[in-house]
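What follows is a single structure, written as structure tokens, with notes after it.
In what follows, every heavy atom counts, from backbone to side chain, and hydrogens, waters and symmetry copies are set aside.
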Amino acid sequence: PRAAPPTPADGAARRDRDGRQTVDRDAASERVRGGMPHRIAGNSAAATAKMPAINHEEGVSACLLVNDENPRLPEWIAYHYRALPLRSLIVAVDPASRSSPDEILIQWFTEMGLDVRPWSEKRYLPNQMRGPCKSNDPEKCLWHHRDRQQYFIMKCMAEFKKLNKTWVLLTDVDEYLVYNRIRGDDPATPMDEAPEGIPTISNWKYHNEVGSVDGVNVGGVIDGTVNGKYLRTDLLDPRSEVAYGQVVEDLGHNKYFLRDDVAYLESNALEEAPPGVPTVKDPWFAKNLFYVRMYNDTYDNNEDGAFVQIKMDWEIGDEKRRSFYGGHLITDIRNRTYFVENEHRLWPPRYSAKDSLAARARLPFLGSGRTVLDVLKAEAREGYAHGALGPCLSVPRLLYGSREDENATNDTAPEGFDGRHFVTMRYRWHANKGEFEASKYGKTIIDVSRVPMEALSGKALNIHRPLTYYCRKDPVKYAISLFRVNHYLDSFEAYSYRNDARSHLRQCKECYEKKGSGAAV
């Protein structure tokens, strides 16, 4: 990628009499038209320019790691330029990519003034990791890609913090951030407390045990604690939604409320260890074995940070292990007490169902003129999140499959454009909302102005939860999220085009169809 955007000497940009940069649109369009993807008829920056202006001096930033994404990139930029509004973008190109996004990025700089910064590997990767994956093992190449991704997003966020930016979006080019407005097909909203007369199960776990009743397959039981006593339900009614804050019913017509165990444990967590009690960090489980980093070891005098095993009387999945959580005390088989680091002390709080629904009801329509940044500011200032909107917002994903919308016509696209050439208009059938099996883990948008620079060093934890101490560990619930990320599978031709670590799977038509089969609602 070019080290810097083009200068006015290109002939595409020039200065007016007051020194402000202007653009020779014909020159810019003529120069880059050959690099535009074939499926987008025309110029996406020019189409965006025709729409009413949205003025934001601040704007939102984004970090993109791309690999053969030229067919998708113009639509992604155009959408987020309007919706966020995207005003700063750092792009890194995977060395396995067969195409360069340079021409597309130049167009957005010259025609729309988007602050685009192409990065080479030297900006974010250690020497030993640069270059394409050299292994023939797809699994090793996948981890090579993930390492690259984790280094890139941390360096990118740190750069935006240095530039005094605020919110930074972390998604891929096939993912679009949208308002999560209330709809009739939403999953049930979790309740904050049990309905009157229905017992509460705490420290609960779902077990996928299959049975048959009158020739109909039913499955799943829950065990946990009710009023201090262990309980195991009968097989559950298949209509029950197994999730915290919901009421489930078994085939014996017994109803139970599933407590939000995470919220409960956070509500009574300790901020720090009691005097004389060692602190354990970075817990790691290997079956029934338990390892930690030990600090202030008053028992065996291990050095701070020593990696040691603590012997517990836990079994995998049993109730004692389920109640393990940061900010609480644990006791080993020798009756020694340890404090588990309260890693969630800086996490955004989990909001009540009532407040979350009220906030979703306030969300605008796309195209209303209000942007994602407008909503974030309004909610932080006076909405349900007043004084408590965390710096890391986890956002659920919703997978859109390969079934095409036959009604995607030119009526839904700007004049001179064909709606069938845009994934966001062409594909409108999606997975069941809130269903993890199809949509998987969410993504994040992070306010780097509220994260200390030392937290933005090294590698991210992962793309779904980059920051240990600022992003929640538990998956975000669809029904209480202000935003969501629409994840588009796209056509098989587009899906299989990328030359990335999953190329062997992307070439599998059967795999593609199986993935899309769960997204046809």
Q: Apply the test ring pair (Phe, Tyr, Trp, His ring centres under 6.0 Å) to residues W314 and F324: give CA-CA distance (whole Å), side-chain angles for both, the deciding distance (0.1 Å), then the verdict.
A: CA-CA 10 Å; W314 292 338; F324 172 83; 5.6 Å; yes
Do [X] and [Y] touch side chain to side chain, with heavy atoms closer than 4.5 Å?
X: N268; Y: H328; answer: yes
X: P466; Y: L170; answer: yes
X: K443; Y: T171; answer: yes
X: N254; Y: T233; answer: no
X: L461; Y: L467; answer: no
X: D147; Y: K459; answer: yes
X: L258; Y: V242; answer: yes

Q.
The test is side-chain contact (heavy atoms from CB on, under 4.5 Å); show your working for L376 and V60 and say whether it passes.
A. CA-CA 11 Å; L376 286 170; V60 174; 5.7 Å; no
To the nearest 0.5 Å, what is the distance between [atom1] ([X]) and [atom2] ([Y])?
X: L456; Y: Y470; atom1: CG; atom2: OH; result: 8.5 Å
X: L236; Y: I222; atom1: CG; atom2: CD1; result: 5.0 Å
X: L363; Y: I182; atom1: CG; atom2: CD1; result: 8.0 Å
X: L163; Y: I90; atom1: CG; atom2: CD1; result: 7.0 Å
X: M157; Y: S61; atom1: CE; atom2: OG; result: 12.0 Å
X: Q149; Y: W143; atom1: CD; atom2: CH2; result: 11.0 Å

Verify, without hydrogens or angle tests, whether [X] (side chain) and [Y] (backbone) share a donor-acceptor contact under 3.5 angstrom.
X: W167; Y: G59; result: no
X: Y256; Y: V226; result: no
X: E75; Y: V423; result: yes
X: Y512; Y: L489; result: no
X: D172; Y: D174; result: no
X: K161; Y: V451; result: yes
X: R484; Y: V395; result: no
X: R428; Y: M425; result: yes
X: Q246; Y: A188; result: yes
X: S402; Y: G516; result: no

Q: Decide whether D237 and S240 meet the rule of one side-chain donor and one side-chain acceptor closer than 3.5 Å.
A: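 No, no side-chain donor-acceptor pair sits under 3.5 Å.
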Q) Looking just at side-chain N and O atoms, do Y497 and E69 make a donor-acceptor pair shorter than 3.5 Å? A)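 The criterion, which ignores hydrogens and geometry beyond distance, is not satisfied for E69 and Y497.
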Ring-face cation contact, [Y] with [X], 6.0 Å cut, 45° max:
X: R87; Y: Y81; result: yes
X: R181; Y: F365; result: yes
X: R321; Y: F285; result: yes

Test: [X] and [Y] ion pair at under 4.0 Å:
X: D447; Y: R450; result: yes
X: K205; Y: D223; result: no
X: K255; Y: D250; result: no
X: E249; Y: R239; result: no
X: R426; Y: D418; result: no
X: E175; Y: R72; result: no

Heavy-atom closest pair, residues [X] and [Y]:
X: S481; Y: V476; result: CB-CG2, 4.2 Å
X: I153; Y: N462; result: CD1-O, 4.3 Å
X: L357; Y: A479; result: CD2-O, 4.4 Å
X: A62; Y: F160; result: O-CE1, 3.5 Å
X: A353; Y: D192; result: N-OD1, 3.1 Å
X: L373; Y: P85; result: CB-CD, 4.1 Å

(Q) Using the ring centroid of each side chain, check whether Y400 and Y427 are separated by less than 6.0 Å. (A)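 Between Y427 and Y400, which both carry aromatic rings, the centre distance is not below 6.0 Å.
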Kindly check if the number of other-residue, nucleotide or ligand heavy atoms within 6.0 Å of [atom1] ([X]) is above 12?
X: Y325; atom1: OH; value: yes
X: E193; atom1: CD; value: no
X: Y441; atom1: OH; value: no
X: K155; atom1: NZ; value: no
X: E272; atom1: CD; value: no
X: N227; atom1: CG; value: no

Q: Just say parallel, tilted or perpendicular for the rings of Y79 and Y176, cut-offs at 30° and 60°.
A: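 Perpendicular, since the angle between the ring planes exceeds 60°.
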Q: Let me see the working for R259 and N203 under side-chain contact (heavy atoms from CB on, under 4.5 Å), right down to the final yes or no.
A: CA-CA 8 Å; R259 187 183 74 176; N203 295 330; 3.6 Å; yes
Q.
So, applying side-chain contact (heavy atoms from CB on, under 4.5 Å) with L399, which one of E435, H430, H487 is it?
A. H487
Q) Where do Y244 and D261 land on the side chain to side chain donor-acceptor pair (under 3.5 Å) test, with the steps shown first? A) CA-CA 8 Å; Y244 74 79; D261 288 328; over 6 Å; no
Q. Step by step, would you call K281 with V292 a side-chain contact (heavy atoms from CB on, under 4.5 Å)?
A. CA-CA 6 Å; K281 300 182 181 182; V292 299; over 6 Å; no
Q: Check the pair K433 / D185 against salt bridge (charged side-chain N to carboxylate O under 4.0 Å, His left out), numbers first and verdict last.
A: CA-CA 7 Å; K433 295 177 178 177; D185 60 346; 2.7 Å; yes
(Q) Pair K165, E58 - check salt bridge (charged side-chain N to carboxylate O under 4.0 Å, His left out), show working. (A) CA-CA 8 Å; K165 303 299 183 181; E58 179 182 349; over 6 Å; no
Q.
Between L393 and L482, is the side-chain contact (heavy atoms from CB on, under 4.5 Å) condition met? List the steps.
A. CA-CA 9 Å; L393 292 186; L482 278 175; 5.6 Å; no
